[in-house]
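Right, one structure below, let's go through it.
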Amino acid sequence: MIKYDQTDNSFQEDLRRRVTRYFTASKKLQTGNWRLYLKSAILFSSVFVCYRYIVFVPTASWITLVLCALLGALFSLIGFNIMHDASHGSYSKRKWINFAMGLSLEMMGNSSYLWKRKHNIIHHTYTNTAEDDDIDLPPFLRIRSDQPKRWFHKYQHYYAPALYAILYLYWVWYTDFKKYFTRKIGGHAIPPMRWWEHGIFWSSKLFHGTVMIAIPIEHFGEWALLGYAVFALTCGFIISIVFQLAHVVEGADFPTPDETGVIRSSWAVEQVRTTSNFAQKSVIAFWLFGGLNHQIEHHLFPKIAHVHYRKIAKIVRSACAEYGITYSSLPLGKAIASHFRMLKACGNN
Ligand SMILES: [Zn+2]
């Protein structure tokens with residue numbers, strides 16, 4: 001198990017003090033607010049209306065396919081804005097609301113039980129290390145120099161978008177089951193599920209299969225599978241690219257532990273080094289991506305709801321400057337270009 005050298009935690013302690021001071025002075029809760037709840041209502045009702053139009057309102061085939069892509073995009077936004085915060089426990093101060101909103105991942109056909117372990121624990125603790133399951137797609141993608149190089153990696157900057165697109169299907173119909181049956185995520189054992197957690201897992205797969213595949217097939221025949229593919233590929237691509245832009249760009253650190261298994265810097269410093277913000281000035285990107293364009297703030301303060309990241313970014317940026325830690329932030333276009341340049345470099349060197 002990888003460990004961080006925590007002998008000097010001054011950056012983390014100082015930053016926490018400053019951020020706590022901000023919340024105390026502004027008399028704000030660190031959890032979600034009415035803006036987040038309004039956004040949730042907009043997203044959930046948009047999903048409902050979109051699905052209804054696709055399945056129950058007769059229209060031209062091409063419009064149905066456009067709506068399928070829109071539904072995929074809406075699912076990814078629910079993942080970024082609602083499920084992600086709720087799974088971290090930051091959506092609401094009430095535990096049951098976080099649990100209920102975390103189940104939006106079950107609506108998407110995935111397991112929030114497995115996500116909380118894979119993302120909250122493994123990705124947020126071991127960011128960009130060999131143990132990080134969120135950014136890795138071995139053996140198809142090579143993003144770290146310590147990963148074995150295969151002949152096809154030199155083309156990975158060409159085929160990565162296709163891989164990103166199929167990720168959601170792979171997640172719903174393969175990796176969730178693999179983790180469920182092996183009871184492992186990478187090398188990490190998963191604590192045993194309780195009976196009702198098994199029930200939620202199977203119900204979500206059944207719900208997804210019924211609502212997203214069986215009911216549309218009843219209405220459209222096998223052509224429904226084309227609509228499902230358009231929906232799932234759109235959702236997968238958006239989810240993957242947003243997560244990748246935060247960690248797999250030029251300049252991001254991919255720490256390797258020494259022979260004793262220790263990374264020679266503190267956890268908080270490493271969170272900034274392994275992470276990059278993008279489109280930080282864009283209010284639209286912030287609204288759409290649920291603050292995942294502010295991943296530095298998210299990684300330092302995963303228990304603070306994303307609606308606060310724009311405000312605390314100023315505190316984080318100035319603390320990083322004082323402590324001499326590079327705070328990486330790119331415009332959207334440059335972040336995308338940097339990601340693909342990095343894939344090309346990793347596939348060729
Ligand atoms: Zn997170």
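In this chain, residues are counted from 1 in sequence order. Atom set for the values below is all heavy atoms of this structure, side chains included, hydrogens, waters and symmetry mates excluded.
- Aromatic ring pairs are classed by plane angle as parallel below 30°, tilted from 30° to 60° and perpendicular above 60°; the pair F11 and Y323 is perpendicular.
- Here S240 contributes atom OG and L141 contributes atom CG; the two are 9.5 Å apart, rounded to the nearest 0.5 Å.
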Could you walk me through whether L114 and K118 satisfy the side chain to side chain contact (heavy atoms under 4.5 Å, CB included) test, starting with their C-alpha distance in whole Å, then the side-chain angles of each, then the deciding distance to 0.1 Å, before giving a yes or no? CA-CA 6 Å; L114 296 172; K118 161 193 152 74; 5.8 Å; no
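- Ring-plane geometry between Y168 and W171 is classed as perpendicular, the angle between the planes exceeding 60 degrees on a 0 to 90 degree scale with a lower cut at 30.
- For the ring pair (Phe, Tyr, Trp, His ring centres under 6.0 Å) with H298, the qualifying choice from H88, H306, H308 is H88, the only one to do so.
- Both tests pass for R117 against the ring of Y113: distance under 6.0 Å to the centre and angle within 45° of the axis.
- Distance CZ/R142 to SG/C346: 6.5 Å, rounded to 0.5 Å.
- Side-chain contact between S90 and F301 is absent, with no heavy-atom pair separated by less than 4.5 Å.
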For L103 and S112: C-alpha separation, side-chain torsions, deciding distance, then whether side chain to side chain contact (heavy atoms under 4.5 Å, CB included) applies. CA-CA 6 Å; L103 290 178; S112 57; 4.1 Å; yes
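- Distance check: C235 SG to L70 CG gives 12.0 Å after rounding to the nearest 0.5 Å.
- The aromatic rings of Y164 and F237 are tilted relative to each other, their planes meeting at an angle between 30° and 60°.
- Here OG1 of T125 is found 10.5 Å from CD1 of I2. Values are rounded to the nearest 0.5 Å.
- No side-chain donor-acceptor contact under 3.5 Å links T275 to the backbone of A246.
- Minimum heavy-atom separation, M108 to V172: O-CG2, 4.0 Å.
- Between atom CZ of residue F140 and atom CZ of residue F152 there is a gap of 7.0 Å, rounded to the nearest 0.5 Å.
- For K205 and F177, the positive end sits near the middle of the six-membered ring, less than 6.0 Å away and at most 45° from its axis.
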Decide yes or no on ring-ring contact (aromatic ring centres under 6.0 Å, His included) for H339 and F278, but give the supporting numbers first. CA-CA 11 Å; H339 173 62; F278 65 89; over 10 Å; no
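- Looking at H157, its side chain never comes within 3.5 Å of a backbone N or O of F340 through a donor-acceptor pair.
- Salt bridge annotation for E270-R273: present, with a cationic side-chain nitrogen under 4.0 angstrom from a carboxylate oxygen.
- The aromatic ring centroids of H219 and F56 lie less than 6.0 Å from each other.
- Between the D176 side chain and the S111 main chain, a donor and an acceptor come within less than 3.5 Å of each other.
- Aromatic ring pairs are classed by plane angle as parallel below 30°, tilted from 30° to 60° and perpendicular above 60°; the pair F231 and H208 is tilted.
- Y327 places no side-chain N or O within donor-acceptor distance of the main-chain N or O of V272, the cut-off being under 3.5 Å.
- Taking CG of L167 as the start and CD1 of I239 as the end, the distance is 8.0 Å to the nearest 0.5 Å.
- Residue M83 forms a side chain to side chain contact (heavy atoms under 4.5 Å, CB included) with just one option from L77, L105, N110, and that option is L105.
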